[in-house]
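One structure is given below, encoded as structure tokens.
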Amino acid sequence: MRLSKGFIPTVKETPSDAIIPSHQLMIRAGMVRALSAGIYSWLPLGYKVMKKVCEIVREEMDAIGAQEFHLPALNPIEIWEETGRVKAFGDTLFQLKNRPLVLAPTHEEIICWIAKNHIESYKEMPQIWYQIQMKFRNEPRPRSGVLRGRQFLMKDSYSLDTTWEALDVSYDLHAEAYKKIFTRCGLKFFIVGASSGAMGGTGSQEFMLESESGEDTIALSEDNSYAANLEIATSTVPKGIRNAESKPIEEVHTPNVKTIDELAVFLKVDHNVLAKSVIYWADDKPVLILMMGNDELNESKLMSVLGADVRPIEAERLKELTGADGGSIGPVGLKGFKIIADKRLEGANGLVSGANRNDFHLGNIDLQRDCTIDGYFDLRTVQAGEKASGGSASLRIVKGIELGHIFKLGTKYSDALKATYLDEKGESKPIIMGSYGIGIERIIACHIEQNHDANGIIWDKSIAPYDVHLIAVSMKSTGVVEKAEQLYRDLDKAGVDVLYDDRSATSPGFKFKDADLLGMPLQVIVGEKNLVNAKVELKIRRTGERILVEADDVINQVKLMLEGIK
RNA sequence: CGGAGCGUAGCGCAGCCCGGUAGCGCACUUGCUUGGGGUGCAAGGGGUCGCGGGUUCAAAUCCCGCCGCUCCGACCA
């Protein structure tokens with residue numbers, strides 16, 4: 001491609017609303033342009049990268065026997081009603097006004113629909129079906145450039161199996177394929193245990209990239225033996241104490257004590273005898289949750305435990321229902337509440353909690369004796385420095401970007417849509433499904449997040465839009481132009497994809513800056529300075545290393561260099 | 001959905017407090033100049049100041065409403 005003819009609108013100034021490096025560079029390099037919040041046009045240079053990433057994804061999916069589909073983005077809303085996901089997605093689901101159609105945010109329903117109509121026998125499975133297609137989600141707050149958009153390209157695949165063991169096989173095949181895909185795209189990623197959330201199912205893992213720009217929080221052990229999304233992460237922390245003697249409850253006056261820290265200081269006791277009360281609505285029913293000391297309640301865990309939508313109670317309603325304000329709430333004598341507690345408190349006595357009367361607390365509470373606890377569950381959010389579950393290494397908490405997510409769905413959708421098959425005995429069984437996703441744009445943005453410097457993007461060869469950026473330093477020098485034109489032709493013949501800066505009215509400095517910004521792995525610089533000595537300069541973008549080669553031997557040298565470059 | 005901010009030329013911004021002929025840099029056009037790290041000089045083109053209403057002799061500027069966008073948070077398959 002000749003830069004003089006191509007449409008690659010680079011810009012010098014960083015757009016003010018782009019905060020993260022990948023977003024800034026994708027705009028500056030002329031890869032994308034925003035059309036509206038979370039909606040991007042992909043310009044030729046960006047689209048070229050996208051196609052390369054898609055090709056890698058296709059190769060690895062095909063390698064595990066997956067078959068490519070192309071499914072409609074417009075779906076009848078009835079199918080989504082049947083699985084209950086119109087309600088589950090809520091406002092995130094785009095709905096059409098003039099037809100009972102939705103813009104598909106994912107495709108479990110449609111896959112299931114096809115399977116229901118065409119898979120009759122156990123003999124027809126396993127199947128792995130995939131597609132690379134636009135997804136539409138009305139995100140309340142799109143952000144970070146293409147990292148969270150309202151429409152985005154996704155590789156989604158679905159496995160259809162007859163047994164849970166077979167599902168494990170399909171799942172593991174995906175995990176392996178995903179590792180290959182992200183590795184080939186030059187990403188440093190890690191795998192974490194994750195919450196299945198509203199997708200349902202029995203297990204899931206996320207492929208994560210550590211980044212300050214990430215929206216997920218992950219607990220990682222120092223020895224890398226443990227990695228989990230903070231939503232489900234667990235750690236080893238000591239449980240509460242059970243004293244031999246359970247003393248009678250006593251009321252303590254605690255004027256102006258609002259927080260657990262203040263209470264510990266006021267009573268001169270350790271946090272592990274304090275039971276913090278947190279009140280949530282669970283599908284509009286109030287629940288009191290007891291946490292030890294200052295342990296932070298994990299809403300994801302709470303949601304899983306209760307199987308309901310959860311949200312904190314409003315301060316006004318709190319007093320109405322308990323008779324006290326936050327800071328003085330407790331489980332003893334509380335009516336009309338479901339009460340659950342964190343596992344750390346199981347069996348504990350001698351505890352202090354609120355008296356449901358402002359400025360008073362109760363001491364010597366024995367949870368077994370004094371209240372009805374509906375269950376003890378792991379409900380706490382792990383903290384940095386704690387020991388990872390099942391290990392001795394301590395945890396650190398990092399931010400991450402989710403590149404891919406694999407789910408063991410089970411029969412949630414096949415049950416809802418009655419996608420069944422006949423087994424060996426002629427019995428009708430629901431198909432066991434898995435679902436697997438990769439965000440294509442996220443791969444691209446993440447690659448830039450991990451591979452850039454002050455001057456611009458540094459592409460890995462595997463997804464670089466072009467292999468070589470050829471610069472004719474001056475178009476006024478006949479010798480330079482002749483040499484550059486010849487190299488452009490010969491490199492193309494040699495199968496090297498070249499972006500050729502043949503712009504005539506552009507100064508050398510401008511061309512060098514653009515080349516660094518666009519970030520092709522190798523730059524071939526043809527200038528008078530070296531040509532008089534029959535030399536051409538090669539520059540490796542990543543290292544900045546410059547090598548002079550014989551002008552007659554450029555093609556061979558370029559091929560050699562490209563082999564050696566990541 | 002809660003909090004904060006922004007909307008003035010393609011991009012980045014000033015002007016608004018204190019109402020009175022709409023500006024700067026980059027980009028663009030033309031000419032000259034320069035030619036190894038975003039050349040220099042000169043002359044140009046380009047705006048219903050987001051939209052609607054109000055106050056006023058007069059509104060980019062003050063007031064009200066709406067829309068859009070961004071950031072922080074909540075949410076997120």
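Every chain is numbered from 1 and lettered A, B, ... according to where its sequence line falls, protein lines coming before strand lines. Quick caveat, the model's predicted, so the values are computed rather than measured.
In this structure, the NZ atom of A:Lys511 is 13 Å from the C1' atom of B:G38, given to the nearest Å. A:Ile27 places its CD1 atom 17 Å from the P atom of B:G10, with the value rounded to the nearest Å. Between A:Gln24 atom CD and B:C11 atom P there is a gap of 17 Å when expressed in whole angstrom units. Spacing between atom NZ of A:Lys513 and atom P of B:U39 amounts to 10 Å, rounded to whole angstrom units. When rounded to the nearest whole Å, the span between CZ of A:Phe510 and P of B:A27 equals 7 Å. Atom pair A:Ile8:CD1 and B:A27:P shows a separation of 19 Å (rounding to whole Å applied). Whole-Å rounding puts the A:Arg503 CZ to B:A27 C1' distance at 13 Å. For A:Leu3 and B:G38, the CG to P distance is 18 Å, given to the nearest whole Å.
Across all strands shown, B:C41 pairs with B:G31; the Watson-Crick or G-U wobble distances both stay below 3.5 Å. Pairing of B:C24, defined by two Watson-Crick or G-U wobble distances under 3.5 Å, is identified with B:G12. Checking B:G5 for Watson-Crick or G-U wobble geometry (two distances, each under 3.5 Å) identifies B:C69 as its partner.
Centroid-to-centroid, the aromatic rings of A:Tyr158 and A:Trp129 stay 6.0 Å apart or farther.
Taking atom P on both B:C67 and B:G31, the two are 49 Å apart, rounded to the nearest angstrom. B:U56 and B:G15: their P atoms are spaced 28 Å apart (whole Å). Comparing B:G50 with B:A58, their C1' atoms sit 23 Å apart, to the nearest whole Å. Separating the C1' atom of B:C49 from that of B:U61 is a span of 10 Å, rounded to the nearest Å. Going from the C1' atom of B:A14 to that of B:C26 covers 15 Å, rounded to whole Å. Across the C1' atoms, B:G12 and B:A59 are found 26 Å apart, a figure rounded to whole Å. B:C16 and B:C6: their C1' atoms are spaced 14 Å apart (whole Å). Atom P of B:U29 sits at a distance of 15 Å from the matching atom of B:G45, rounded to the whole Å.
At distances below 3.5 Å, not a single donor-acceptor pair connects side-chain atoms of A:Lys135 with backbone N or O atoms of A:Arg150. The main-chain N or O of A:Leu71 is found under 3.5 Å from a side-chain atom of A:Gln133 such that the two form a donor-acceptor pair. Not a single donor-acceptor pair under 3.5 Å links the side chain of A:Glu109 to the backbone N or O of A:Trp80.
Note on A:Lys539: a base of the nucleic acid sits closer than 4.0 angstrom, heavy atoms only. The residue A:Ser504 sits close to a base: some heavy atom pair falls under 4.0 Å. Looking at heavy-atom distances under 4.0 Å, A:Val473 makes contact with a base.
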**Request:** Produce a footprint string for nucleotides 68-75 of chain B: one letter per nucleotide, 5' end first; B if the base is under 4.0 Å from any protein heavy atom, S if only the sugar-phosphate is, - if neither.
**Result:** -SSBBBBB
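Listed candidates were B:G36, B:G38, B:G37. Nearest to the side chain of A:Arg28 is B:G38. Checking B:G37, B:U39, B:G25 against the side-chain heavy atoms of A:Glu13 singles out B:G25 as nearest. Set against B:C26, B:G36, B:G37, the side chain of A:Glu537 has B:G36 as its closest nucleotide.
In the displayed structure, A:Trp42 atom CH2 is contacted under 6.0 Å by more than 12 heavy atoms of other residues, nucleotides or ligands.
Using a 4.0 Å cut-off between charged nitrogen and carboxylate oxygen, A:Glu210 and A:Lys399 do not count as a salt-bridge pair. At a threshold of 4.0 Å, the pair A:Glu296-A:Arg380 does not count as salt-bridged, since none of the basic side-chain nitrogens sits closer than that to a carboxylate oxygen.
When each of A:Asp295, A:Asp378, A:Asp342 is checked for a salt bridge (charged side-chain N to carboxylate O under 4.0 Å, His left out) with A:Lys301, only A:Asp378 meets the rule.
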**Message:** Using the rule given for salt bridge (charged side-chain N to carboxylate O under 4.0 Å, His left out), can you reason through A:Arg541 versus A:Asp453, listing the C-alpha separation, both sets of side-chain angles and the distance that settles it, and then say yes or no?
**Reply:** CA-CA 10 Å; A:Arg541 172 66 181 91; A:Asp453 61 17; 2.7 Å; yes
